[in-house]
Student: 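First, the structure itself, so that you have it in front of you.
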Amino acid sequence: MGKFYITTAIDYCNAEPHLGHAFEKVGADAIARYHRLLGDDVRFVTGTDEHGQTVLQAAQERGVDPQQFVDRMVEHFRRAWDRLGIAYDDFIRTTEPRHAPAVQALLRRMADNGDITPGVYEGHYCVGCEAFKQEKDLVNGRCPEHPGREVTWTREENYFFRLSRYRDPLLRWLDERPEFVEPEIRRNEVRNVLLEGLQDISVSRARFPWGIAFPGDRDHTVYVWFDALTNYLSAVGYPDERYREWWPADLHVVGKGITRFHCIVWPAMLLSAGVELPRRVWAHGYVTWGGTKLSKSAGVVITLDSAIDRYGPDPLRYFLLREVPWDGDGAFSWARFDERYVADLANDLGNLANRTVNMIQRYRHGFTPRASADALEHVAFEVLERYRSAMDADLLHEGLAASFRLVDVGNAFVEESAPWNLAKEPSHAAKLDEVIGGLARLLARVAILLTPFMPSKTQELWTAISGREGPPPDLGTYGDPDVGGGRVRVGPVLFPKPPSAA
RNA sequence: GGCGGCGUAGCUCAACUGGUAGAGCAGCGGAGUCAUAAUCCGUUGGUUGGGGGUUCGAGUCCCUCCGCCGCUACCA
């Protein structure tokens, strides 16, 4: 199988992670795990973006130096991802020693190519914020943060990247490889921006201390975007040649809000530096809350920890990826979360597992019968096909929907075959083996399919029905899952229902 | 303002190039007992945002109105 290098956006750590951050990590993790399930050699990288104005400000507000501040902040992210079972292979921080050399090397290559030139950046400047402001950021011509002060029109000498050069090459690239930007709506947006034309973009900041030293000019630091984007390379060892072991990235998972940086600026940087382009960028949508995007302000309304605490990490992973389409926005609400947890996880899946294990315990002294091809084979392969085509297209919510069809079929199958009646007649022993053995096979398949989404619960499920420790086997075993012969584990139910729903 | 998207049953969403409006959840009725009062079967429910047009026929195409939303580059 092939290699698969997948990244998420690195999070800007000026505040604690919220559901929106979690959605991206959980989705990327599911994709990474799916590829592991396929047998691919996967490298999954996430991390934090720790330089820049806003971080510095946040640190100053708390009266600590920025490095101390990010050191503390990054632990919140790591802890959150650990809680959620995000199985990253590497966690890159832009303040790590390994990162700056990559940024500087990349910029030198770009400069060697004649794409870095001195220039003047002009704009509104708010002294209170010590930051440039866009026209759209101003309210009545003043900075909303410091309405008592005039914004001034400021010029700053800094370095520019000749982004405009790359309009045509990027357009061509996009037209030849439509999969480069997905979903399609984002591709169209990127295409529009390109058609409108590109301006050169500044890549340095003068007199700004919290950043990477600009190569060749001690008075400048690297503009944060150039710093941050390069993490995808530094994480795999660039500029050392060993970066080629993983590069080019197979998939950058980012939020739709930063599409252009990843689909225009970043590839242009790489073209300039003579580095291969990533194969695909996926711009996911947002988790909304009451109709608005979840952001730092809305993060107060619902904390990530409270969402995890509700039912544990796996149900949250399930809910986010089932309810928020991977190619669009979707809403989070407690009511909806509860509904899906109870209906899908507790009633349908959890109860099917529970009743199956109980029947094996009761009718077969706890030993899972071996069954071969059974009545459910046909639909199992139908589901596999739908699952694979959804997952290969990164449509995670559809992959989940496909998987749960197996659960529905399983429950219907129990009713039709009524094992409790078969158990009354010794002459039906073979038939009974076939039925509950078939159910065990079906649940094993469900465990396999759902592994990317609920890594911990699927392991419990697999162990419960097969008696075997460890995670479910990979997709290659789907055709003939090895569940027979083991002793089932009759333990606590997989998804206990909250008292309120019981 | 410009470009783009959306508005389908109470809720979340389907419906390929126009051809008898579907699913899941919730609700209601029944069956059943292996199971987390779970499950299974059946069923109520929509003038597809409003109006007009093209067509034998439109949720699906065109026009218009109303209401949401996205992009419109140096914020990570």
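Protein chains get the first letters and strands the later ones, always in sequence-line order, with residue 1 at the start of each.
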Student: I'd like the P distance from C66(B) over to G50(B), given in whole Å.
Tutor: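 After rounding to an integer number of Å, I get 15 Å for this pair.
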Student: Is the charged tip of Arg317(A) near the ring of Phe453(A): under 6.0 Å from the six-membered ring centre and within 45° of its axis?
Tutor: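 Cation-pi check for Arg317(A) and Phe453(A): fails.
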Student: Does Trp420(A) have its ring centroid less than 6.0 Å away from the ring centroid of Tyr363(A)?
Tutor: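 No, the ring of Trp420(A) stays outside the 6.0 Å limit from the ring of Tyr363(A), centre to centre.
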Student: So what does Ala346(A) hit on the nucleic acid, given a heavy-atom distance under 4.0 Å: a base, only sugar-phosphate, or nothing?
Tutor: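 Counting heavy atoms under 4.0 Å across all strands, the contact made by Ala346(A) includes a base.
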Student: How many whole angstroms separate atom OH of Tyr12(A) from atom P of A76(B)?
Tutor: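 Between P of A76(B) and OH of Tyr12(A): 5 Å.
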Student: Rounding to an integer number of angstrom, what distance separates G32(B) and G49(B) when you compare their C1' atoms?
Tutor: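 About 44 Å, rounded to a whole number of Å.
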Student: Are Asp71(A) and Arg93(A) close enough for a salt bridge, meaning some N to O gap below 4.0 Å?
Tutor: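 Yes, charged N to carboxylate O under 4.0 Å.
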Student: Can you tell me how far P of A76(B) sits from CG of Leu56(A), to the nearest Å?
Tutor: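 Distance check: Leu56(A) CG to A76(B) P gives 11 Å.
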Student: If the condition is side-chain contact (heavy atoms from CB on, under 4.5 Å), which residues does Ala206(A) pass it with, not counting sequence neighbours?
Tutor: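 Per chain and number, Ala206(A) pairs via side-chain contact (heavy atoms from CB on, under 4.5 Å) with Glu156(A), His220(A).
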Student: Rounded to whole angstrom, note down the C1' distance from C13(B) over to A26(B).
Tutor: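 Going atom to atom, C1' in each nucleotide, I get 15 Å.
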Student: Could you list all the side-chain hydrogen bond (donor to acceptor under 3.5 Å, both in side chains) pairs where at least one residue sits in residues 342-352 of chain A, not counting sequence neighbours?
Tutor: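 Checked against side-chain hydrogen bond (donor to acceptor under 3.5 Å, both in side chains) - neighbours excluded - the pairs reaching residues 342-352 of chain A are Tyr318(A)-Asp344(A), Arg340(A)-Asp344(A), Asn347(A)-Lys497(A).
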Student: For residues Phe214(A) and Tyr223(A), establish whether the separation of their ring centroids is below 6.0 Å.
Tutor: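 No - the distance between ring centres of Phe214(A) and Tyr223(A) does not fall below the 6.0 Å cut-off.
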Student: Apply ring-ring contact (aromatic ring centres under 6.0 Å, His included) to the pair Phe23(A) and Tyr286(A), showing each step before the final yes or no.
Tutor: CA-CA 8 Å; Phe23(A) 175 58; Tyr286(A) 297 137; 9.1 Å; no
Student: In whole Å, measure the gap between the P atoms of G29(B) and C61(B) for me.
Tutor: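 Their P atoms lie roughly 41 Å apart.
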Student: Please name the residue in the list Ile10(A), Val74(A), Val55(A) that meets the side-chain contact (heavy atoms from CB on, under 4.5 Å) test with Glu50(A).
Tutor: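 One option only clears the test, and that one is Val74(A).
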Student: When you check the gap from the basic side-chain N to the acidic O, do Arg405(A) and Glu382(A) get nearer than 4.0 Å?
Tutor: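 Result for this pair is yes, salt bridge flagged.
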Student: Do the side chain of Ser202(A) and the base of C74(B) come within less than 3.5 angstrom through a donor-acceptor pair of N or O atoms?
Tutor: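 Check passes, donor-acceptor contact within cut-off.
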Student: Side chains of Asp227(A) and His99(A): do they bring a donor and an acceptor to under 3.5 Å?
Tutor: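 Indeed, the side chains of Asp227(A) and His99(A) share at least one donor-acceptor pair under 3.5 Å.
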Student: Looking only at atom C1', what distance separates G2(B) and G18(B), rounded to whole Å?
Tutor: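 One C1' to the other, the span is 31 Å.
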Student: Charged N to carboxylate O under 4.0 angstrom, Arg355(A) versus Glu415(A)?
Tutor: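 The answer is yes: the pair qualifies as a salt bridge.
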Student: Extract from the structure each pairing of a protein N or O with an N or O of nucleotides 5-15 of chain B at less than 3.5 Å, listing the distance.
Tutor:
from	atom 1	to	atom 2	distance (Å)
U12(B)	O4'	Arg336(A)	NH2	3.3

Student: Could you check which of U36(B), C3(B), C74(B) has an atom nearest any side-chain atom of Phe495(A)?
Tutor: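 Closest nucleotide to the Phe495(A) side chain: U36(B).
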Student: Salt-bridge test for Asp11(A) and Lys25(A): reply yes if a basic N is under 4.0 Å from a carboxylate O, no otherwise.
Tutor: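 Judged by the 4.0 Å cut-off on N to carboxylate O distance, Asp11(A) and Lys25(A) do form a salt bridge.
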Student: Would you call Asp175(A) and Arg191(A) a salt bridge, using N to O less than 4.0 angstrom?
Tutor: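 So Asp175(A) pairs with Arg191(A) through a salt bridge.
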Student: Only counting residues at least two apart or in another chain, list the ones meeting side-chain hydrogen bond (donor to acceptor under 3.5 Å, both in side chains) with Gln104(A).
Tutor: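 Testing Gln104(A) for side-chain hydrogen bond (donor to acceptor under 3.5 Å, both in side chains), a comparison that skips the adjacent residues, returns none.
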Student: Base, sugar-phosphate alone, or nothing: which one does Leu198(A) contact when heavy atoms must sit under 4.0 Å apart?
Tutor: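 Base contact.
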Student: Please state the P separation for the pair U43(B) and A23(B) - nearest whole angstrom.
Tutor: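 One P to the other, the span is 10 Å.
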Student: If you measure from the P atom in U36(B) to the same atom in U17(B), how many Å do you get, rounded?
Tutor: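 Roughly 47 Å separates the two P atoms.
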Student: Are any of Arg191(A)'s side-chain N or O atoms less than 4.0 Å away from OP1 or OP2 of C3(B)?
Tutor: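 No, outside the criterion.
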Student: With nearest nucleotide decided by heavy atoms, which residue, Thr54(A) or Gly197(A), maps closer to the 5′ end of RNA chain B?
Tutor: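 Its nucleotide being nearer the 5' end, the pick is Gly197(A).
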Student: Could you check whether Gly328(A) gets within reach of a base, just the sugar-phosphate, or nothing at all, counting any heavy atom under 4.0 Å?
Tutor: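 Contact class for Gly328(A): none.
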Student: Using the C1' atoms only, state how far G51(B) lies from G4(B), rounded to an integer number of Å.
Tutor: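 Those two atoms are separated by 24 Å.
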Student: Classify Gln199(A) by what it touches in the nucleic acid, base, sugar-phosphate, or nothing, heavy-atom distance under 4.0 Å.
Tutor: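 Touches a base.
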Student: OP1, OP2 of A38(B) versus side-chain N and O of Lys497(A): anything below 4.0 Å?
Tutor: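 The answer is yes; a side-chain N or O of Lys497(A) sits under 4.0 Å from OP1 or OP2.
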Student: Whole-Å distance between C74(B) C1' and Asn158(A) CG?
Tutor: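 Asn158(A) atom CG is separated from C74(B) atom C1' by 10 Å.
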Student: With nearest nucleotides of RNA chain B determined for His51(A) and Leu163(A) from heavy-atom distances, which residue corresponds to the more 5′ nucleotide?
Tutor: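 Residue closer to the 5' terminus by nearest nucleotide: Leu163(A).
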Student: Whole Å only: how far is the NZ atom of Lys256(A) from the P atom of C75(B)?
Tutor: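 Distance check: Lys256(A) NZ to C75(B) P gives 21 Å.
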Student: Specify the separation, in whole Å, of atom CH2 of Trp266(A) and atom C1' of A73(B).
Tutor: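 Spelled out: CH2 on Trp266(A) to C1' on A73(B) is 18 Å.
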Student: Round to the nearest Å and state the distance from Leu195(A) atom CG to G4(B) atom C1'.
Tutor: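 Spelled out: CG on Leu195(A) to C1' on G4(B) is 13 Å.
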Student: At a cut-off of 3.5 Å, list every protein nitrogen or oxygen paired with a nitrogen or oxygen from nucleotides 27-35 of chain B, distance to 0.1 Å.
Tutor:
from	atom 1	to	atom 2	distance (Å)
C34(B)	O4'	Tyr363(A)	OH	3.3
C34(B)	O2	Arg355(A)	NE	3.1
C34(B)	N3	Arg355(A)	NE	3.3
C34(B)	N3	Arg355(A)	NH2	2.5
C34(B)	N4	Arg355(A)	NH2	2.9
C34(B)	N4	Glu415(A)	OE2	3.3
A35(B)	OP1	Arg362(A)	NH2	3.1
A35(B)	O3'	Asn354(A)	OD1	2.9
A35(B)	O2'	Asn351(A)	OD1	2.5
A35(B)	O2'	Asn354(A)	OD1	3.0
A35(B)	N1	Arg355(A)	NH2	3.2
A35(B)	N3	Asn351(A)	ND2	3.1
A35(B)	N3	Arg355(A)	NE	3.2

Student: C75(B), U72(B), U39(B): which one has an atom nearest the side-chain heavy atoms of Asp348(A)?
Tutor: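 Closest nucleotide to the Asp348(A) side chain: U39(B).
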Student: What is the distance, to the nearest angstrom, from the CZ atom on Arg260(A) to the P atom on C3(B)?
Tutor: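 Taking atom P of C3(B) as the reference, CZ of Arg260(A) is at 17 Å.
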Student: May I have the distance from Phe208(A) (atom CZ) to C75(B) (atom P), rounded to whole angstrom?
Tutor: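 That distance rounds to 11 Å.
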Student: What stems, by residue range, does RNA chain B take part in, given at least 3 consecutive Watson-Crick or G-U pairs under 3.5 Å?
Tutor: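 Listed by first number, the stems are B:1-7 with B:66-72, B:10-13 with B:22-25, B:27-31 with B:39-43, B:49-53 with B:61-65.
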